[in-house]
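Worksheet: the structure to be examined is printed underneath.
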2 protein chains.
Amino acid sequence: MPTPARTSLEGILKAGRAIIETDGIDGLTMQAIADRVGVRAPSLYKRIRSRNQLLRLVANDAAAELTGELDTAATTGDARRDLAALARTFRDFARRNPGAYSLLFARLPDDARADPEWSVKASAGLLIATERLAGTADSLEAARTVVAWANGFIAMELAGAFRLGGDVDRAWEYGIDHVATAIARRPNRA
Amino acid sequence: MPTPARTSLEGILKAGRAIIETDGIDGLTMQAIADRVGVRAPSLYKRIRSRNQLLRLVANDAAAELTGELDTAATTGDARRDLAALARTFRDFARRNPGAYSLLFARLPDDARADPEWSVKASAGLLIATERLAGTADSLEAARTVVAWANGFIAMELAGAFRLGGDVDRAWEYGIDHVATAIARRPNRA
DNA sequence: ACCTGAACACCGTTCAAGT
DNA sequence: ACCTGAACACCGTTCAAGT
């Protein structure tokens, strides 16, 4: 006699997104998921192959969300303005979803990581802006400089690593402004 | 009848530094330490209070090593050259000690993290260079921009996040050069 | 077809017992 | 004074058994 399903991939995924924000990656246990969807831990293996695959599902879900937000962020056509908007969107996402953000950039086993294409998709708009600012020859290096700065800033902000006082928001504005100037063609011999 | 000690803090610390490089933070288990120092896991609690305290010891040890290297890196007196040397030293340390590096910047419970002063000590030389380049008013923001960029770059490099091809070393040189220009006073209206 | 309890190998940690 | 085995509460995962 078939028993009706009490779990679903969607339910598990939603539970995963919620738990990773409250308890972090380490808190995302099979037990925690099972409690939340109202089932015993072994039953989860009817829907997912392993905890690592669950982490990948959660990471892909977050990546799609972030990519969607980035796609609608660069709208002015002004490369400098678009660059600042993309960076701001990235930072806002990280602040709203610190658990998902750290999952996306955590060093995890390959089978737990988001599909590699996500970073290509996510950086499409950025590459357009940096190409216009820095020129075709340097657009990849310029994009990497911006992403490294934004990623590093956000990671340090979330980790509470800015411990020398001062205004972190001011450091952000200073940073995006100066980095944009830096990658613009001939920044210091205009 | 007192038994002679077969463990020592030094031995445990050295084992910890070694294991974190081969097996990562998650691989640094009490079992792994015990195996390496030739004792059973419960005996470790005669020397350390908990695994978290061990993580802190390892982190502090790595922080002292990194700080020492940074202290001898900025020697030319030329602020731009010193800045590049400090960044390069940072990157070299991370490549030689990727496990320790990620431990230093991982989000961990407070009792597992390195003492907060380490980052103050480590950034002393950097602040001198950025103050000369950017001026006193902006030196903190400038230092945060450099650290965010370097940290973000290294984290992405170690995570294998540069997936769009291209020459990563060239992106590093491009980045440090342009970031230095960016924070220098009046970069685009000289 | 779905869910469960029991079991396994692993964690960190405590503690009484051995020397 | 130091080390140990046994035990506890937790992990992820497998699997035979129940409906």
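Just so it is clear, the values below take in all heavy atoms, side chains as well, and ignore hydrogens, waters and symmetry mates. To find a chain, count down the sequence lines: A is the first, B the second, and so on, and within it residues start at 1.
Considering only residues two or more places apart in sequence or on other chains, A/Phe105 meets the ring-ring contact (aromatic ring centres under 6.0 Å, His included) condition with A/Tyr101, A/Trp118. For B/Arg132, there are no salt bridge (charged side-chain N to carboxylate O under 4.0 Å, His left out) partners two or more places apart in sequence or in a different chain. Scanning for salt bridge (charged side-chain N to carboxylate O under 4.0 Å, His left out) contacts around A/Asp169 gives A/Arg91, A/Arg95, with sequence neighbours left out.
The side chain of A/Thr7 places an N or O atom within less than 4.0 Å of a non-bridging phosphate oxygen (OP1 or OP2) of C/dC3. For A/Ser43 and C/dC2, the shortest distance from a side-chain N or O to OP1 or OP2 is not below 4.0 Å. Distances shown here put every side-chain N or O of B/Arg47 at or beyond 4.0 Å from the OP1 or OP2 atom of D/dA1.
Screening residues 23-49 of chain A for side chain to side chain donor-acceptor pair (under 3.5 Å) gives A/Thr7-A/Arg47 as the qualifying pairs, with residues at least two apart or on separate chains.
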> How does each nucleotide of nucleotides 6-18 of chain D score, in 5' to 3' order, for protein heavy atoms under 4.0 Å: base (B), sugar-phosphate only (S), or none (-)?
Replying inline: B----SSBBB---
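The two atoms that bring B/Arg185 and B/Ala134 nearest to each other are CG-O, 3.7 Å, heavy atoms only.
Looking only at distances, no side-chain donor or acceptor of B/Asn97 sits under 3.5 Å from a matching main-chain atom of B/Ala100.
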>> Give the dot-bracket line for DNA chain C from 5' end to 3' end: parentheses for intra-strand Watson-Crick or G-U pairs under 3.5 Å, square brackets for crossings, | for inter-strand pairing, dots for unpaired.
In response: ||.|||||...|||||.||
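With no hydrogens or angles considered, a side-chain donor-acceptor pair links B/Thr181 and B/Arg80 at under 3.5 Å.
Distance CZ (B/Arg40) to P (D/dG5): 4 Å, rounded to an integer number of Å.
Relative orientation of the B/Phe153 and B/Trp172 rings is perpendicular, given thresholds of 30° and 60° on the angle between their planes.
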